[in-house]
**Student:** 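Okay, here's the structure, questions in a sec.
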Number of protein chains: 2
Amino acid sequence: MRKASITIKEIARQLNVSKSTVSRALRDSPEISEETKKRVIALAESLNYSPNPIALSLLRNRTQTLGIIVPDIANPFFSTAIGGVEDIAYSRGYHTMIYQSHESYERELADTKHIATRRVDGLIVSISSQTENHDHFVELQEQGIPVVFFDRVSETMPSHKVRVDDYKGAYEATEHLISRGCKSIAHIAGPANLSISRNRLKGYQDALTHHGIELHDEWVVSSEYNQAGGTERAYQLMALRNRPDAIFAASDRIAIGVHWALRQLGYRMPDDVAIVGFSDLSISSLLDPPLSSVAQPSFEMGQLAATLLLDLIESKSTPVAFETRVLTSNLIIRKSSMKELVGD
Amino acid sequence: MRKASITIKEIARQLNVSKSTVSRALRDSPEISEETKKRVIALAESLNYSPNPIALSLLRNRTQTLGIIVPDIANPFFSTAIGGVEDIAYSRGYHTMIYQSHESYERELADTKHIATRRVDGLIVSISSQTENHDHFVELQEQGIPVVFFDRVSETMPSHKVRVDDYKGAYEATEHLISRGCKSIAHIAGPANLSISRNRLKGYQDALTHHGIELHDEWVVSSEYNQAGGTERAYQLMALRNRPDAIFAASDRIAIGVHWALRQLGYRMPDDVAIVGFSDLSISSLLDPPLSSVAQPSFEMGQLAATLLLDLIESKSTPVAFETRVLTSNLIIRKSSMKELVGD
DNA sequence: CTGAAAGCGCTTACAG
DNA sequence: CTGAAAGCGCTTACAG
């Protein structure tokens with residue numbers, strides 16, 4: 001079916017020279033005469049020759065390809081980060097292969113396996129929420145395929161990491177709710193195996209404590225990072241005898257579920273319940289009332305992760321030391337949390 | 001850097017047999033003794049051997065990889081369709097390489113070029129809105145790399161195509177607005193080089209005509225398929241001396257921009273202006289009021305496109321005839337278009 | 001300045 | 001039943 005592509009051999013035949021000469025001429029080797037170079041290059045162009053990257057891969061044991069595993073490409077946070085990775089990768093002559101774990105450990109395992117057999121040159125990954133064991137990433141790295149984490153990083157595995165200051169973002173979001181007069185602030189945390197979930201929870205707890213507010217266990221619940229989880233947890237929280245007057249959600253997807261639930265239940269936002277999310281997805285500002293959220297520089301995170309990975313791939317020596325880059329988050333205040341301050 | 005993977009040669013050495021024998025044993029060839037097979041397979045497993053796909057690609061001139069070009073992976077319509085493609089591809093032993101054209105013709109051209117040199121086995125594509133010339137796809141197909149279009153198809157190029165019934169979807173959406181008593185219905189069309197835009201426009205026009213409603217040129221404007229375009233066009237339409245009482249947008253992204261603009265301008269939906277979009281993105285139902293929209297089976301479109309493409313790739317012979325599969329769209333009515341019928 | 005040879009990891013006619 | 005050889009498309013020491 002596939003039409004035979006034109007090869008170096010064919011050019012050599014037509015020009016009555018050896019394959020070696022053609023190869024050298026094409027790579028502009030100094031040992032080839034200008035005369036010959038010209039003839040070779042002219043014919044190559046007229047034949048529309050392009051070297052077979054498969055052959056080069058076999059030779060160099062490199063594919064010029066980066067793997068990237070995210071839980072879900074439909075999540076704008078991840079698709080934007082992927083955009084950042086591609087931006088850097090393309091400019092440095094690499095291609096990107098995108099995998100989705102769908103928050104499944106098994107799927108993530110299969111993806112890393114595929115990456116190993118496909119001889120991808122390196123991996124950028126944001127861990128699935130169901131993953132508790134990071135051995136598959138360790139193995140990949142031991143095989144010589146470097147791994148860089150972003151956002152959902154491994155705390156145990158030594159490697160480059162790119163993340164935002166989740167703790168500070170959560171702290172500020174909570175402090176903001178306190179400053180708007182909220183007295184009973186609930187938190188819907190993400191799955192506990194992800195460090196981002198734990199850091200955000202800690203930020204929430206510390207903000208309350210530092211402001212002399214007692215922690216209530218019943219106001220801290222946990223959910224997958226999706227809308228359905230947010231809706232369920234909101235029902236649960238609002239059903240409490242002692243219901244909260246504010247909810248800080250560990251992600252915008254959760255917050256969107258909360259938003260929907262509160263509307264169904266007839267609460268006014270922010271007057272009855274103030275809410276703040278995390279990630280600042282573009283749709284969040286379209287809700288009514290628009291959602292306050294902690295913004296993350298997703299595109300930059302992708303760029304940075306790609307840069308660190310490519311430097312690792314292209315460095316001859318083993319890395320000096322692994323580094324963790326922490327980007328700053330940024331609280332965006334919108335109507336969903338702008339509770340009127342009651343004057344006295 | 002990269003640790004040497006274990007090869008067939010290494011297994012042969014350890015077992016004191018030839019590479020040929022190892023290769024045959026691993027592929028369970030009938031000409032190898034059970035005895036030898038067992039030894040080879042046992043060692044291969046203990047060494048964690050996996051065949052180098054690069055070597056196979058070079059041999060077979062096949063990469064077991066599908067290319068897919070979409071304008072933007074962050075658009076949920078496309079990310080869902082990609083999910084459908086992957087679903088089928090994985091189950092048939094293929095991998096997917098995702099490219100984004102970002103609605104740019106130049107980028108799309110570079111992507112097809114990359115696909116050709118990378119020896120991808122086939123391409124699934126939804127055309128960029130800035131593309132007027134489809135020669136790059138024709139060339140790819142002539143080189144023996146089959147192309148299947150979905151959603152944004154080429155009308156001129158012979159190939160398999162998967163799309164929805166845009167005309168009927170638009171017709172029904174418009175008819176629905178008429179049935180809710182709207183008298184002056186505007187349409188924000190997509191870029192005219194895309195057939196989906198033209199078909200949706202035609203559906204709108206025919207619905208009006210068939211119901212004896214005169215067409216007004218000033219009520220038909222055009223926009224890129226994004227939110228900013230929808231906002232701009234909404235401002236333009238509502239500024240008219242003779243302003244519309246309904247807007248049918250060629251996509252949900254456009255409709256979301258309209259929704260936002262109308263809220264800014266102080267119009268009530270649907271009472272002042274009823275709106276309907278196209279695609280039924282999941283966020284559309286979260287808007288207040290929730291957006292009516294024509295739903296497209298995006299996942300199924302991806303699955304179908306992948307199936308058609310893989311059949312093409314794996315068939316020995318040239319395709320019998322190219323087919324166009326038209327899936328049915330489905331109008332979802334929500335509050336944004338449920339204008340109260342005025343009783344008499 | 002140019003060519004023959006070996007090799008990347010694998011498969012598969014062709015011999016035996 | 002097993003092995004030696006050729007070949008997929010390319011690069012690069014090694015000779016000349």
Side-chain angles (χ1 to χ4, degrees), chain A residues 1-41 43-44 47-65 116-121 143-144, chain B residues 1-41 43-44 47-65 116-121 143-144:
Chain A
M1 279 270 42
R2 175 77 57 90
K3 218 188 239 166
S5 305
I6 106 104
T7 70
I8 233 169
K9 195 169 154 188
E10 173 64 14
I11 297 182
R13 196 187 57 75
Q14 292 198 26
L15 253 34
N16 244 315
V17 294
S18 74
K19 291 187 312 179
S20 332
T21 302
V22 174
S23 174
R24 290 191 184 102
L26 255 17
R27 337 204 91 238
D28 200 25
S29 153
E31 22 176 17
I32 301 291
S33 75
E34 284 307 319
E35 166 65 21
T36 315
K37 271 187 198 168
K38 261 190 220 138
R39 290 173 56 217
V40 170
I41 290 168
L43 184 59
L47 255 35
N48 208 350
Y49 168 80
S50 82
N52 185 333
I54 310 284
L56 288 179
S57 290
L58 188 58
L59 224 48
R60 311 221 183 289
N61 202 21
R62 304 263 266 88
T63 52
Q64 297 289 117
T65 302
T117 66
R118 274 277 158 192
R119 268 69 173 177
V120 166
D121 294 335
Q143 276 181 259
Chain B
M1 278 266 39
R2 174 76 56 92
K3 215 186 244 170
S5 305
I6 106 104
T7 69
I8 234 169
K9 195 169 154 187
E10 173 64 12
I11 298 181
R13 195 187 58 74
Q14 293 197 26
L15 254 34
N16 244 315
V17 295
S18 73
K19 292 187 312 179
S20 332
T21 301
V22 175
S23 173
R24 289 192 184 102
L26 255 17
R27 337 204 91 237
D28 200 28
S29 154
E31 21 176 17
I32 301 290
S33 74
E34 284 308 318
E35 166 65 21
T36 315
K37 270 187 200 170
K38 260 190 218 136
R39 291 173 57 218
V40 170
I41 290 167
L43 184 59
L47 256 35
N48 208 351
Y49 168 79
S50 83
N52 185 333
I54 310 285
L56 288 179
S57 289
L58 189 59
L59 223 49
R60 312 223 182 289
N61 201 19
R62 306 263 266 90
T63 52
Q64 299 287 118
T65 302
T117 67
R118 272 279 158 191
R119 269 69 173 177
V120 165
D121 294 336
Q143 276 182 257

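Lettering of chains follows the sequences in order, A, B, ..., and the numbering in each one begins at 1.
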**Student:** What does the B/S/- profile of nucleotides 9-16 of chain C look like, 5' to 3', with a 4.0 Å heavy-atom cutoff to protein?
**Tutor:** BBBBBB--
**Student:** Would you say a side-chain N or O of A:T21 is under 4.0 Å from OP1 or OP2 of C:dT2?
**Tutor:**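 Checking C:dT2 against A:T21, no side-chain N or O comes under 4.0 Å of OP1 or OP2.
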**Student:** Taking OP1 and OP2 of C:dC1, is either one under 4.0 Å from a side-chain nitrogen or oxygen of A:S33?
**Tutor:** no
**Student:** Using 0.5 Å steps for rounding, measure from the CZ atom of B:R39 to the CD1 atom of B:I11.
**Tutor:**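 Output value for this atom pair is 12.0 Å.
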**Student:** Looking only at atom types and distance, does a side-chain atom of B:S57 sit under 3.5 Å from a main-chain N or O of B:P53, one as donor and one as acceptor?
**Tutor:** yes
**Student:** What interatomic distance, in whole Å, is found between P of C:dA4 and the corresponding atom of D:dG7?
**Tutor:**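 It works out to 15 Å between them.
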**Student:** Quick check against the 3.5 Å criterion: does A:K37 have a side-chain atom that pairs as donor or acceptor with the backbone of A:R27?
**Tutor:**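 No.
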**Student:** Taking atom C1' of C:dG3 as reference, at what distance in whole Å does atom CG of A:L15 sit?
**Tutor:**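 Result: 15 Å.
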**Student:** Mind listing the closest non-hydrogen atom pair of A:S50 and B:T117 along with its distance?
**Tutor:** OG-CG2, 3.5 Å
**Student:** Pick from B:L26, B:T36, B:D28: which one makes a side-chain contact (heavy atoms from CB on, under 4.5 Å) with B:I41?
**Tutor:** B:L26
**Student:** How would you label the contact of A:S57 with the nucleic acid (heavy atoms, under 4.0 Å): base, sugar-phosphate, or nothing?
**Tutor:** nothing
**Student:** Just wondering, do A:R62 and A:V120 contact through their side chains at under 4.5 Å, heavy atoms?
**Tutor:**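 No. Closest side-chain heavy atoms not under 4.5 Å.
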**Student:** Restricting to side chain to side chain donor-acceptor pair (under 3.5 Å), what partner residues turn up for B:R13, sequence neighbours left out?
**Tutor:** B:E10
**Student:** Check whether any side-chain heavy atom of A:T7 lies under 4.5 Å from a side-chain heavy atom of A:N52, and answer yes or no.
**Tutor:**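 Not touching, per the 4.5 Å side-chain cut-off.
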**Student:** Taking Watson-Crick and G-U wobble pairs with both distances under 3.5 Å, convert DNA chain C into its dot-bracket string, 5' to 3', dots for unpaired and | for cross-strand pairs.
**Tutor:** |||.||||||||.|||
